[in-house]
2 protein chains.
Amino acid sequence: MPKIQFDRQDVLEKATSLFWREGYSATSMQALFEVTGLKPGSVYLAFGNKEGLFKESIDFYGKRSVEYLQAKLSNDDTIEQGICELLLSLVDESTQTDYCSCFLLKSQLELDNQTSLKQHIADYLLTIENVYSNRLATIYGEEEAKQKAASIMVHIFGIRVYGYHTNSKEQILGSLRLGLSWLPWSQLAH
Amino acid sequence: MPKIQFDRQDVLEKATSLFWREGYSATSMQALFEVTGLKPGSVYLAFGNKEGLFKESIDFYGKRSVEYLQAKLSNDDTIEQGICELLLSLVDESTQTDYCSCFLLKSQLELDNQTSLKQHIADYLLTIENVYSNRLATIYGEEEAKQKAASIMVHIFGIRVYGYHTNSKEQILGSLRLGLSWLPWSQLAH
DNA sequence: TAGTTTTTTGAACAAGCATTCAAGATGTTG
DNA sequence: CAACATCTTGAATGCTTGTTCAAAAAACTA
(Lines give C-alpha, C1' and ligand atoms only; values in the text may rest on other atoms or scores of the structure.)
Protein backbone atom coordinates (compact mmCIF):
# COMPACT_ATOMS: atom_id res chain seq x y z
CA MET A 1 0.00 0.00 0.00
CA PRO A 2 2.60 2.58 0.93
CA LYS A 3 4.33 4.26 -2.00
CA ILE A 4 7.82 5.61 -1.75
CA GLN A 5 7.97 9.03 -0.28
CA PHE A 6 10.64 11.53 0.75
CA ASP A 7 13.09 10.43 3.44
CA ARG A 8 11.19 11.33 6.57
CA GLN A 9 14.21 11.14 8.85
CA ASP A 10 16.20 13.40 6.56
CA VAL A 11 13.41 15.97 6.44
CA LEU A 12 13.04 15.89 10.22
CA GLU A 13 16.75 16.35 10.68
CA LYS A 14 16.69 19.48 8.52
CA ALA A 15 13.51 20.84 10.07
CA THR A 16 14.85 20.21 13.57
CA SER A 17 18.04 22.05 12.75
CA LEU A 18 16.13 25.11 11.56
CA PHE A 19 13.59 25.16 14.42
CA TRP A 20 16.46 24.69 16.87
CA ARG A 21 18.42 27.62 15.53
CA GLU A 22 15.62 30.08 14.83
CA GLY A 23 12.92 29.10 17.29
CA TYR A 24 9.32 28.13 16.56
CA SER A 25 7.80 31.54 15.84
CA ALA A 26 10.73 32.87 13.84
CA THR A 27 10.75 29.85 11.56
CA SER A 28 8.47 30.32 8.56
CA MET A 29 6.93 27.53 6.57
CA GLN A 30 8.55 29.02 3.49
CA ALA A 31 11.97 28.61 5.09
CA LEU A 32 11.06 25.04 5.95
CA PHE A 33 10.04 24.33 2.35
CA GLU A 34 13.41 25.59 1.18
CA VAL A 35 15.51 23.75 3.73
CA THR A 36 13.69 20.44 3.35
CA GLY A 37 13.14 20.71 -0.41
CA LEU A 38 9.48 19.80 0.03
CA LYS A 39 6.51 21.66 -1.42
CA PRO A 40 3.68 22.96 0.76
CA GLY A 41 1.26 20.17 -0.07
CA SER A 42 3.71 17.43 0.83
CA VAL A 43 4.46 18.90 4.21
CA TYR A 44 0.79 19.41 5.04
CA LEU A 45 -0.10 15.90 3.93
CA ALA A 46 2.70 14.34 5.98
CA PHE A 47 2.70 16.49 9.12
CA GLY A 48 -0.67 18.26 9.22
CA ASN A 49 0.55 21.73 9.91
CA LYS A 50 3.42 23.76 11.32
CA GLU A 51 2.79 22.62 14.88
CA GLY A 52 2.72 18.99 13.74
CA LEU A 53 6.06 19.30 12.02
CA PHE A 54 7.46 21.02 15.09
CA LYS A 55 6.18 18.29 17.40
CA GLU A 56 7.86 15.62 15.31
CA SER A 57 11.04 17.66 15.33
CA ILE A 58 10.91 17.75 19.10
CA ASP A 59 10.39 14.00 19.15
CA PHE A 60 13.28 13.50 16.75
CA TYR A 61 15.60 15.53 18.97
CA GLY A 62 14.20 14.30 22.28
CA LYS A 63 14.41 10.58 21.51
CA ARG A 64 17.91 10.96 20.14
CA SER A 65 18.98 12.79 23.32
CA VAL A 66 17.53 10.20 25.66
CA GLU A 67 19.08 7.33 23.71
CA TYR A 68 22.46 9.00 23.65
CA LEU A 69 22.30 9.61 27.38
CA GLN A 70 21.33 6.04 28.19
CA ALA A 71 24.10 4.66 26.02
CA LYS A 72 26.68 6.96 27.57
CA LEU A 73 25.71 6.10 31.14
CA SER A 74 25.59 2.35 30.67
CA ASN A 75 28.92 1.96 28.93
CA ASP A 76 31.17 3.53 31.48
CA ASP A 77 32.75 1.54 34.30
CA THR A 78 31.51 3.87 36.99
CA ILE A 79 28.31 5.88 36.72
CA GLU A 80 29.69 9.02 38.25
CA GLN A 81 32.64 9.08 35.92
CA GLY A 82 30.26 8.73 32.99
CA ILE A 83 28.26 11.71 34.22
CA CYS A 84 31.45 13.76 34.48
CA GLU A 85 32.42 12.92 30.93
CA LEU A 86 28.97 13.79 29.69
CA LEU A 87 29.01 17.15 31.42
CA LEU A 88 32.44 17.90 30.01
CA SER A 89 31.20 17.22 26.50
CA LEU A 90 28.34 19.67 27.13
CA VAL A 91 30.92 22.28 28.11
CA ASP A 92 32.88 21.65 24.94
CA GLU A 93 29.70 21.92 22.93
CA SER A 94 28.81 25.25 24.50
CA THR A 95 32.01 26.90 23.31
CA GLN A 96 31.49 26.05 19.65
CA THR A 97 30.72 28.93 17.35
CA ASP A 98 27.41 27.61 16.08
CA TYR A 99 26.24 26.71 19.57
CA CYS A 100 22.56 27.32 20.00
CA SER A 101 21.87 25.83 23.41
CA CYS A 102 19.49 22.89 23.81
CA PHE A 103 16.47 22.57 21.52
CA LEU A 104 14.24 21.29 24.33
CA LEU A 105 15.30 24.06 26.69
CA LYS A 106 14.88 26.83 24.12
CA SER A 107 11.50 25.54 23.00
CA GLN A 108 10.29 25.09 26.56
CA LEU A 109 10.97 28.75 27.29
CA GLU A 110 9.60 30.04 24.02
CA LEU A 111 6.29 28.24 23.94
CA ASP A 112 3.28 29.78 25.54
CA ASN A 113 1.39 27.97 28.26
CA GLN A 114 -1.52 27.53 25.89
CA THR A 115 0.04 24.86 23.72
CA SER A 116 0.05 21.21 24.67
CA LEU A 117 3.55 21.11 23.27
CA LYS A 118 4.90 22.61 26.48
CA GLN A 119 4.00 19.52 28.50
CA HIS A 120 5.29 17.29 25.75
CA ILE A 121 8.70 18.95 25.98
CA ALA A 122 8.60 18.88 29.76
CA ASP A 123 8.10 15.11 29.56
CA TYR A 124 11.35 14.69 27.67
CA LEU A 125 13.19 16.81 30.23
CA LEU A 126 11.73 14.74 33.04
CA THR A 127 12.68 11.53 31.24
CA ILE A 128 16.26 12.74 31.06
CA GLU A 129 16.20 13.60 34.74
CA ASN A 130 14.90 10.12 35.51
CA VAL A 131 17.75 8.50 33.60
CA TYR A 132 20.20 10.27 35.88
CA SER A 133 18.09 9.52 38.94
CA ASN A 134 17.77 5.79 38.17
CA ARG A 135 21.46 5.38 37.51
CA LEU A 136 22.39 7.20 40.70
CA ALA A 137 19.92 5.10 42.69
CA THR A 138 22.26 2.15 42.21
CA ILE A 139 24.83 3.95 44.36
CA TYR A 140 22.85 6.22 46.65
CA GLY A 141 19.54 5.98 48.43
CA GLU A 142 16.49 6.84 46.38
CA GLU A 143 15.92 10.26 47.91
CA GLU A 144 19.56 11.24 47.62
CA ALA A 145 19.67 10.01 44.02
CA LYS A 146 16.65 12.14 43.15
CA GLN A 147 18.15 15.19 44.77
CA LYS A 148 21.48 14.72 43.04
CA ALA A 149 19.73 14.23 39.69
CA ALA A 150 17.83 17.47 40.20
CA SER A 151 21.08 19.25 40.98
CA ILE A 152 22.61 17.87 37.78
CA MET A 153 19.64 19.10 35.76
CA VAL A 154 19.92 22.56 37.32
CA HIS A 155 23.58 22.62 36.35
CA ILE A 156 22.93 21.43 32.81
CA PHE A 157 20.23 24.06 32.31
CA GLY A 158 22.51 26.61 33.91
CA ILE A 159 25.55 26.02 31.75
CA ARG A 160 23.45 25.79 28.59
CA VAL A 161 22.26 29.32 29.27
CA TYR A 162 25.54 30.58 30.71
CA GLY A 163 27.52 29.15 27.79
CA TYR A 164 25.24 30.94 25.36
CA HIS A 165 26.68 34.36 26.11
CA THR A 166 29.97 33.58 27.84
CA ASN A 167 32.93 31.86 26.27
CA SER A 168 35.10 31.26 29.31
CA LYS A 169 35.32 27.50 29.39
CA GLU A 170 37.35 27.62 32.60
CA GLN A 171 34.63 29.51 34.45
CA ILE A 172 32.01 26.99 33.40
CA LEU A 173 34.17 24.04 34.35
CA GLY A 174 34.92 25.64 37.70
CA SER A 175 31.21 26.09 38.36
CA LEU A 176 30.59 22.39 37.73
CA ARG A 177 33.44 21.37 40.03
CA LEU A 178 32.18 23.72 42.71
CA GLY A 179 28.48 22.91 42.47
CA LEU A 180 28.81 19.19 41.78
CA SER A 181 31.78 18.57 44.06
CA TRP A 182 30.58 15.03 44.85
CA LEU A 183 31.48 13.91 41.31
CA PRO A 184 34.95 12.41 40.64
CA TRP A 185 36.34 15.29 38.56
CA SER A 186 39.96 14.64 39.52
CA GLN A 187 39.92 11.10 38.13
CA LEU A 188 39.57 12.32 34.55
CA ALA A 189 42.41 12.79 32.10
CA HIS A 190 43.26 16.49 31.80
CA MET B 1 9.98 72.81 24.34
CA PRO B 2 8.66 69.43 25.47
CA LYS B 3 4.92 68.88 25.17
CA ILE B 4 3.06 66.47 27.37
CA GLN B 5 3.08 62.98 26.07
CA PHE B 6 1.97 59.55 27.19
CA ASP B 7 3.56 58.13 30.35
CA ARG B 8 6.67 56.51 28.93
CA GLN B 9 7.36 54.42 32.02
CA ASP B 10 3.82 53.11 32.05
CA VAL B 11 3.99 52.16 28.37
CA LEU B 12 7.33 50.43 28.88
CA GLU B 13 5.97 48.50 31.82
CA LYS B 14 3.10 47.20 29.72
CA ALA B 15 5.25 46.46 26.68
CA THR B 16 7.81 44.69 28.85
CA SER B 17 5.12 42.54 30.38
CA LEU B 18 3.86 41.44 26.97
CA PHE B 19 7.29 40.84 25.42
CA TRP B 20 8.29 38.93 28.55
CA ARG B 21 5.30 36.62 28.40
CA GLU B 22 5.03 36.06 24.65
CA GLY B 23 8.59 36.54 23.40
CA TYR B 24 9.84 38.94 20.76
CA SER B 25 8.67 37.17 17.61
CA ALA B 26 5.30 36.13 18.93
CA THR B 27 4.44 39.65 20.05
CA SER B 28 2.74 41.63 17.29
CA MET B 29 2.74 45.39 17.03
CA GLN B 30 -1.04 45.25 17.02
CA ALA B 31 -1.00 43.52 20.38
CA LEU B 32 1.38 46.18 21.65
CA PHE B 33 -0.96 48.94 20.45
CA GLU B 34 -3.80 47.36 22.36
CA VAL B 35 -1.92 46.74 25.58
CA THR B 36 -0.29 50.17 25.67
CA GLY B 37 -3.28 52.09 24.33
CA LEU B 38 -1.06 53.88 21.82
CA LYS B 39 -1.67 54.26 18.10
CA PRO B 40 0.91 53.09 15.51
CA GLY B 41 2.23 56.56 14.76
CA SER B 42 2.89 57.37 18.40
CA VAL B 43 4.87 54.21 18.96
CA TYR B 44 6.95 54.70 15.83
CA LEU B 45 7.64 58.32 16.66
CA ALA B 46 8.71 57.49 20.19
CA PHE B 47 10.56 54.20 19.73
CA GLY B 48 11.46 53.99 16.03
CA ASN B 49 10.30 50.45 15.39
CA LYS B 50 9.53 47.13 17.04
CA GLU B 51 13.16 46.43 17.82
CA GLY B 52 13.54 49.86 19.39
CA LEU B 53 10.58 49.30 21.67
CA PHE B 54 11.93 45.90 22.59
CA LYS B 55 15.37 47.30 23.37
CA GLU B 56 13.86 49.86 25.72
CA SER B 57 11.80 47.13 27.35
CA ILE B 58 14.97 45.16 27.96
CA ASP B 59 16.55 48.28 29.47
CA PHE B 60 13.49 48.85 31.64
CA TYR B 61 13.65 45.31 32.99
CA GLY B 62 17.44 45.09 33.14
CA LYS B 63 18.01 48.31 35.05
CA ARG B 64 15.25 47.46 37.48
CA SER B 65 16.78 44.04 38.12
CA VAL B 66 20.27 45.39 38.71
CA GLU B 67 19.00 48.09 41.05
CA TYR B 68 16.91 45.62 43.01
CA LEU B 69 19.87 43.28 43.35
CA GLN B 70 22.22 45.99 44.53
CA ALA B 71 19.71 47.22 47.08
CA LYS B 72 19.10 43.71 48.39
CA LEU B 73 22.77 42.90 48.78
CA SER B 74 23.76 46.14 50.48
CA ASN B 75 21.02 46.17 53.11
CA ASP B 76 21.62 42.83 54.71
CA ASP B 77 24.00 42.40 57.62
CA THR B 78 25.93 39.62 55.95
CA ILE B 79 26.39 39.31 52.21
CA GLU B 80 25.96 35.57 52.07
CA GLN B 81 22.73 35.68 54.01
CA GLY B 82 21.45 38.29 51.58
CA ILE B 83 22.27 36.03 48.67
CA CYS B 84 20.40 33.17 50.32
CA GLU B 85 17.31 35.31 50.80
CA LEU B 86 17.47 36.47 47.22
CA LEU B 87 17.70 32.94 45.91
CA LEU B 88 14.80 31.87 48.08
CA SER B 89 12.66 34.63 46.65
CA LEU B 90 13.52 33.39 43.17
CA VAL B 91 12.33 29.94 44.17
CA ASP B 92 9.07 31.38 45.47
CA GLU B 93 8.66 33.32 42.24
CA SER B 94 9.20 30.21 40.14
CA THR B 95 6.27 28.39 41.71
CA GLN B 96 3.74 31.11 40.94
CA THR B 97 1.13 30.30 38.34
CA ASP B 98 1.95 33.17 36.01
CA TYR B 99 5.67 32.50 36.21
CA CYS B 100 7.39 33.11 32.92
CA SER B 101 11.04 32.78 33.85
CA CYS B 102 13.42 35.71 33.45
CA PHE B 103 12.91 38.20 30.64
CA LEU B 104 16.65 38.54 30.01
CA LEU B 105 17.18 34.78 29.96
CA LYS B 106 14.25 34.10 27.63
CA SER B 107 15.21 36.88 25.25
CA GLN B 108 18.84 35.83 25.22
CA LEU B 109 17.86 32.36 24.07
CA GLU B 110 15.25 33.52 21.58
CA LEU B 111 17.24 36.13 19.72
CA ASP B 112 19.31 35.12 16.78
CA ASN B 113 23.01 35.84 16.70
CA GLN B 114 22.45 38.40 14.01
CA THR B 115 20.92 41.09 16.19
CA SER B 116 23.01 43.44 18.27
CA LEU B 117 20.38 42.99 20.95
CA LYS B 118 21.94 39.70 21.99
CA GLN B 119 25.11 41.40 23.25
CA HIS B 120 23.04 44.11 24.90
CA ILE B 121 21.22 41.50 26.93
CA ALA B 122 24.43 39.63 27.67
CA ASP B 123 25.80 42.86 29.13
CA TYR B 124 22.99 43.01 31.67
CA LEU B 125 23.58 39.40 32.66
CA LEU B 126 27.29 40.09 33.09
CA THR B 127 26.50 43.19 35.15
CA ILE B 128 24.40 41.08 37.47
CA GLU B 129 27.18 38.54 37.76
CA ASN B 130 29.60 41.33 38.61
CA VAL B 131 27.37 42.57 41.40
CA TYR B 132 27.60 39.14 43.03
CA SER B 133 31.31 38.91 42.29
CA ASN B 134 32.12 42.32 43.77
CA ARG B 135 30.15 41.71 46.93
CA LEU B 136 31.76 38.31 47.43
CA ALA B 137 35.21 39.80 46.86
CA THR B 138 34.87 41.54 50.23
CA ILE B 139 34.90 38.12 51.90
CA TYR B 140 36.84 35.87 49.57
CA GLY B 141 39.85 36.32 47.31
CA GLU B 142 39.13 37.78 43.90
CA GLU B 143 39.43 34.51 41.99
CA GLU B 144 37.30 32.61 44.45
CA ALA B 145 34.70 35.37 44.42
CA LYS B 146 34.50 35.22 40.63
CA GLN B 147 34.14 31.47 40.66
CA LYS B 148 31.45 31.55 43.31
CA ALA B 149 29.58 34.26 41.41
CA ALA B 150 29.67 32.13 38.25
CA SER B 151 28.30 29.20 40.23
CA ILE B 152 25.49 31.38 41.54
CA MET B 153 24.62 32.50 38.01
CA VAL B 154 24.58 28.89 36.80
CA HIS B 155 22.20 28.05 39.62
CA ILE B 156 19.95 31.02 38.92
CA PHE B 157 19.73 30.17 35.22
CA GLY B 158 19.21 26.56 36.15
CA ILE B 159 16.33 27.05 38.55
CA ARG B 160 14.68 29.60 36.22
CA VAL B 161 14.50 26.88 33.59
CA TYR B 162 13.85 24.02 35.99
CA GLY B 163 11.09 25.93 37.74
CA TYR B 164 9.41 26.59 34.42
CA HIS B 165 8.21 23.03 34.03
CA THR B 166 8.51 21.58 37.54
CA ASN B 167 6.56 22.68 40.53
CA SER B 168 8.37 20.83 43.29
CA LYS B 169 9.67 23.65 45.42
CA GLU B 170 11.43 21.19 47.72
CA GLN B 171 13.48 19.72 44.87
CA ILE B 172 14.62 23.18 43.76
CA LEU B 173 15.52 24.21 47.28
CA GLY B 174 17.42 20.98 47.77
CA SER B 175 19.40 21.62 44.61
CA LEU B 176 20.44 25.04 45.85
CA ARG B 177 21.50 23.67 49.23
CA LEU B 178 23.45 20.90 47.53
CA GLY B 179 25.11 22.97 44.83
CA LEU B 180 25.69 26.11 46.86
CA SER B 181 26.54 24.40 50.15
CA TRP B 182 28.94 27.17 51.11
CA LEU B 183 26.02 29.55 51.69
CA PRO B 184 24.51 29.85 55.20
CA TRP B 185 21.17 28.17 54.47
CA SER B 186 20.67 26.92 58.00
CA GLN B 187 20.79 30.39 59.51
CA LEU B 188 17.53 31.41 57.84
CA ALA B 189 14.14 31.38 59.49
CA HIS B 190 12.07 28.33 58.50
C1' DT C 1 -1.83 -2.52 -19.85
C1' DA C 2 -5.69 -0.45 -17.47
C1' DG C 3 -7.35 1.10 -13.21
C1' DT C 4 -6.84 2.70 -8.67
C1' DT C 5 -4.57 4.87 -4.94
C1' DT C 6 -1.16 7.85 -3.16
C1' DT C 7 2.02 11.60 -3.56
C1' DT C 8 3.71 15.85 -5.60
C1' DT C 9 3.10 20.17 -7.56
C1' DG C 10 2.66 25.21 -7.49
C1' DA C 11 -0.50 28.69 -7.94
C1' DA C 12 -3.85 30.96 -5.10
C1' DC C 13 -6.00 32.45 -0.68
C1' DA C 14 -7.30 35.31 3.12
C1' DA C 15 -5.43 36.98 7.26
C1' DG C 16 -1.92 39.16 9.69
C1' DC C 17 2.37 41.45 9.73
C1' DA C 18 5.44 45.81 10.51
C1' DT C 19 5.46 50.25 8.94
C1' DT C 20 4.17 54.84 6.75
C1' DC C 21 2.06 59.32 6.25
C1' DA C 22 -0.94 63.15 5.48
C1' DA C 23 -4.34 65.29 8.11
C1' DG C 24 -6.05 66.76 12.53
C1' DA C 25 -5.44 67.83 17.42
C1' DT C 26 -2.87 69.85 21.13
C1' DG C 27 0.19 72.34 23.55
C1' DT C 28 3.77 76.17 23.69
C1' DT C 29 5.67 80.54 22.24
C1' DG C 30 5.86 85.48 20.79
C1' DC D 1 -4.67 85.76 19.34
C1' DA D 2 -1.72 84.07 15.82
C1' DA D 3 2.17 81.21 14.57
C1' DC D 4 4.68 77.46 15.41
C1' DA D 5 6.34 73.07 16.92
C1' DT D 6 5.08 68.71 18.52
C1' DC D 7 2.19 64.86 19.10
C1' DT D 8 -1.78 61.92 17.84
C1' DT D 9 -4.75 59.73 14.71
C1' DG D 10 -6.29 55.88 11.78
C1' DA D 11 -6.61 54.49 7.28
C1' DA D 12 -3.62 52.56 3.84
C1' DT D 13 0.76 50.37 2.40
C1' DG D 14 3.03 46.33 0.49
C1' DC D 15 4.83 42.26 2.15
C1' DT D 16 4.83 37.82 4.57
C1' DT D 17 2.43 34.51 6.95
C1' DG D 18 0.23 29.62 7.32
C1' DT D 19 -2.71 26.94 4.66
C1' DT D 20 -5.62 24.98 0.79
C1' DC D 21 -6.77 22.51 -3.42
C1' DA D 22 -7.47 20.95 -8.04
C1' DA D 23 -4.63 19.08 -11.38
C1' DA D 24 -0.61 16.32 -12.72
C1' DA D 25 2.69 12.71 -11.75
C1' DA D 26 4.03 8.47 -9.81
C1' DA D 27 3.62 3.99 -7.86
C1' DC D 28 1.18 0.01 -6.93
C1' DT D 29 -2.51 -3.60 -8.17
C1' DA D 30 -4.84 -6.91 -11.00
Side-chain angles (χ1 to χ4, degrees), chain A residues 1-60 107 110-112 114-118 120, chain B residues 1-60 107 110-112 114-118 120:
Chain A
M1 220 141 354
K3 323 275 169 92
I4 68 147
Q5 217 180 335
F6 56 84
D7 184 344
R8 203 176 176 90
Q9 290 298 102
D10 182 54
V11 164
L12 281 174
E13 174 122 37
K14 285 165 177 167
T16 298
S17 176
L18 191 63
F19 274 132
W20 186 0
R21 190 158 13 94
E22 312 275 351
Y24 178 75
S25 292
T27 301
S28 67
M29 291 302 286
Q30 210 139 319
L32 286 163
F33 300 148
E34 283 166 23
V35 86
T36 60
L38 296 182
K39 308 287 166 179
S42 300
V43 174
Y44 278 86
L45 184 73
F47 301 99
N49 54 17
K50 186 183 179 183
E51 193 173 316
L53 178 54
F54 183 76
K55 184 177 177 300
E56 289 217 32
S57 297
I58 287 286
D59 288 333
F60 180 79
S107 303
E110 183 190 351
L111 292 175
D112 204 340
Q114 73 196 31
T115 58
S116 63
L117 277 168
K118 208 196 152 207
H120 191 63
Chain B
M1 223 149 337
K3 322 275 169 96
I4 67 145
Q5 219 180 332
F6 55 83
D7 184 344
R8 202 176 177 91
Q9 290 299 101
D10 182 55
V11 164
L12 280 174
E13 175 123 36
K14 285 165 176 165
T16 297
S17 176
L18 191 62
F19 275 131
W20 185 1
R21 190 157 15 93
E22 312 275 351
Y24 178 74
S25 291
T27 301
S28 68
M29 290 302 287
Q30 211 141 319
L32 286 162
F33 301 148
E34 282 166 23
V35 85
T36 60
L38 296 183
K39 307 288 165 176
S42 301
V43 174
Y44 279 85
L45 185 72
F47 300 99
N49 54 19
K50 187 183 178 183
E51 193 172 315
L53 178 55
F54 184 75
K55 185 178 178 297
E56 289 217 32
S57 297
I58 287 287
D59 287 333
F60 180 78
S107 303
E110 184 191 352
L111 291 176
D112 203 340
Q114 73 197 33
T115 57
S116 64
L117 276 168
K118 208 197 153 205
H120 191 64

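Throughout, a chain's letter reflects where its sequence line sits, starting with A, and its residues are numbered from 1.
- Residues A:M29 and A:N49 have side chains not in contact (no heavy-atom distance under 4.5 Å, counting atoms from C-beta outward).
- At least one side-chain heavy atom of B:H120 sits under 4.5 Å from a side-chain heavy atom of B:D59.
- Qualifying salt bridge (charged side-chain N to carboxylate O under 4.0 Å, His left out) partners for B:E56, counting only residues two or more places apart in sequence or in other chains: B:R8.
- The strand DNA chain C forms stems, runs of 3 or more Watson-Crick or G-U wobble pairs with distances below 3.5 Å, at C:1-23 with D:8-30, C:25-28 with D:3-6.
- Residues satisfying the side-chain contact (heavy atoms from CB on, under 4.5 Å) test with B:F60, not counting sequence neighbours, are B:Q9, B:L12, B:E13, B:T16, B:R64.
- Looking only at side-chain heavy atoms (C-beta outward), A:I58 and A:K55 stay at 4.5 Å or farther from each other.
- Among pairs with a residue in residues 24-36 of chain A, those fulfilling side chain to side chain donor-acceptor pair (under 3.5 Å) read A:S25-A:E110, at least two apart in sequence or across chains.
- Remark: B:K14 engages B:D10 in a salt bridge (charged side-chain N to carboxylate O under 4.0 Å, His left out) (not counting sequence neighbours).
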Encode nucleotides 9-22 of chain D as B, S and - characters from 5' to 3', where the letter depends on protein heavy atoms closer than 4.0 Å: B to the base, S only to sugar-phosphate, - to neither.
BBB-----BSBBB-
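- Atom CZ of B:R8 and atom C1' of D:dC7 are 13 Å apart (whole Å).
- Put simply, the side chain of A:F47 does not reach to within 4.5 Å of the side chain of A:L32, judged on heavy atoms.
- Put simply, CZ on A:F47 is 14 Å from C1' on C:dT7, counting in whole angstrom units.
- The same atom, C1', is picked in C:dA25 and in C:dC21; the two are 16 Å apart, to the nearest Å.
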